[in-house]
Amino acid sequence: MANLGTTHRIPASSKTSSPTTNTSEPKGPNEKPYADFKFYCPINIPLTAEAAASRIIRNLGNLGLYYTLFIWIILFITLIPCRKVSLILLVIMTYVTTLYCLLLRACPNSVLLHRIIDKRIIFSLLFIATAIQLILTGAGIHFAVTMTSSVPVVLLHAVLWASSCEFAYETEEGSRKEELAPLTSDHNDIEAQNSDVV
C-alpha cells in the first residue's frame, strides 16, 4: 500500500544496455549506398574515319563558341606584351562580332538575318578581316603561331568528345528519360522541337 501511486526510478547504471548498432552500415543486406551512381566519360576514340569526321562537324557546330574563345584568349595573351595596336584592333573586331551575335539573338524571327544572310559567311568575313588587320599591324607571326598551336588542340578535342548534347539521365520518380538541352542551338532546331511538342 505504501507504493500506491508512486513510481520507482531505475538508476541509469542498472539499465540493461542494448547492443550497439553502427549507423554507418546499411540497414539491410540488399541496400547498396551507391547503386544509382553511374560514371560517364564523354571522351573516347571513334572507330572509323567517317565517325571521326561526323563527330568533328557536330562538335564544331555545337562547341564552336568555346573553341573560338579558347583561340581568342591565347591570341589575346600573346599580343599583350608588345603589340598594343593589334590588341586594340582585336578588341574592336570582338566587339563587332558580339554586336552581330546580339542582333541575331534580338531578332530570332528575322528572315533576312537567319535565312537570306548565312551567319557562317558573316563569321568567316569577320575572321578574315581580323586576320588581315593583325597581319597589317605586324602581328602576323603571333597570329600564325597561335593558330598552328591551338587548332590541333581544338581538332583533337572535337574528335575525342563523344557527345556534346546527347546526355540523358533518369529521374528519381521513374524510369522516364529526359535529355539536357545543348548550350547552343540553331533557330531551325528550336522550330523543329516546337513542332514536335505541338
*Return each pair, listed once, that meets side chain to side chain donor-acceptor pair (under 3.5 Å) where at least one residue sits in residues 129-155; pairs must be two or more places apart or across chains.*
S86-T137
_Looking at R55 and A158, would you say the former's side chain and the latter's main chain have a donor-acceptor pair under 3.5 Å?_
no
*Keeping the roles fixed (side chain from R115, backbone from S110), state whether a donor-acceptor pair exists under 3.5 Å.*
no
*When clusters are formed from ILVMFWY side-chain contacts under 4.5 Å, directly or step by step, what else is grouped with L126?*
M93, V96, Y100, L103, L104, V111, L112, L113, I116, I117, I122, F123
So do the side chains of [X] and [Y] get within less than 4.5 Å of each other, counting heavy atoms only?
X   : Y    : result
L63 : V154 : no
N59 : Y67  : yes
I45 : L160 : yes

ILVMFWY cluster, [X] and [Y] together (side-chain gap under 4.5 Å):
X    : Y    : answer
L136 : I88  : no
V153 : W161 : yes
L89  : I141 : no
F76  : M147 : yes
I132 : I135 : no

*Please list, chain by chain and in numerical order, all residues satisfying side-chain hydrogen bond (donor to acceptor under 3.5 Å, both in side chains) with T94, sequence neighbours excluded.*
W72
Can you tell me how far the [atom1] atom of [X] sits from the [atom2] atom of [Y], to the nearest 0.5 Å?
X    : Y   : atom1 : atom2 : value
L60  : T68 : CG    : OG1   : 9.0 Å
L65  : L69 : CG    : CG    : 4.5 Å
F127 : I71 : CZ    : CD1   : 7.5 Å
N62  : I57 : CG    : CD1   : 12.0 Å

*Could you pull out the closest heavy-atom pair between R120 and S124, with the gap in Å?*
O-OG, 2.7 Å
*asked:* For F70 and H157: C-alpha separation, side-chain torsions, deciding distance, then whether ring pair (Phe, Tyr, Trp, His ring centres under 6.0 Å) applies.
replied: CA-CA 12 Å; F70 173 71; H157 183 272; 9.1 Å; no
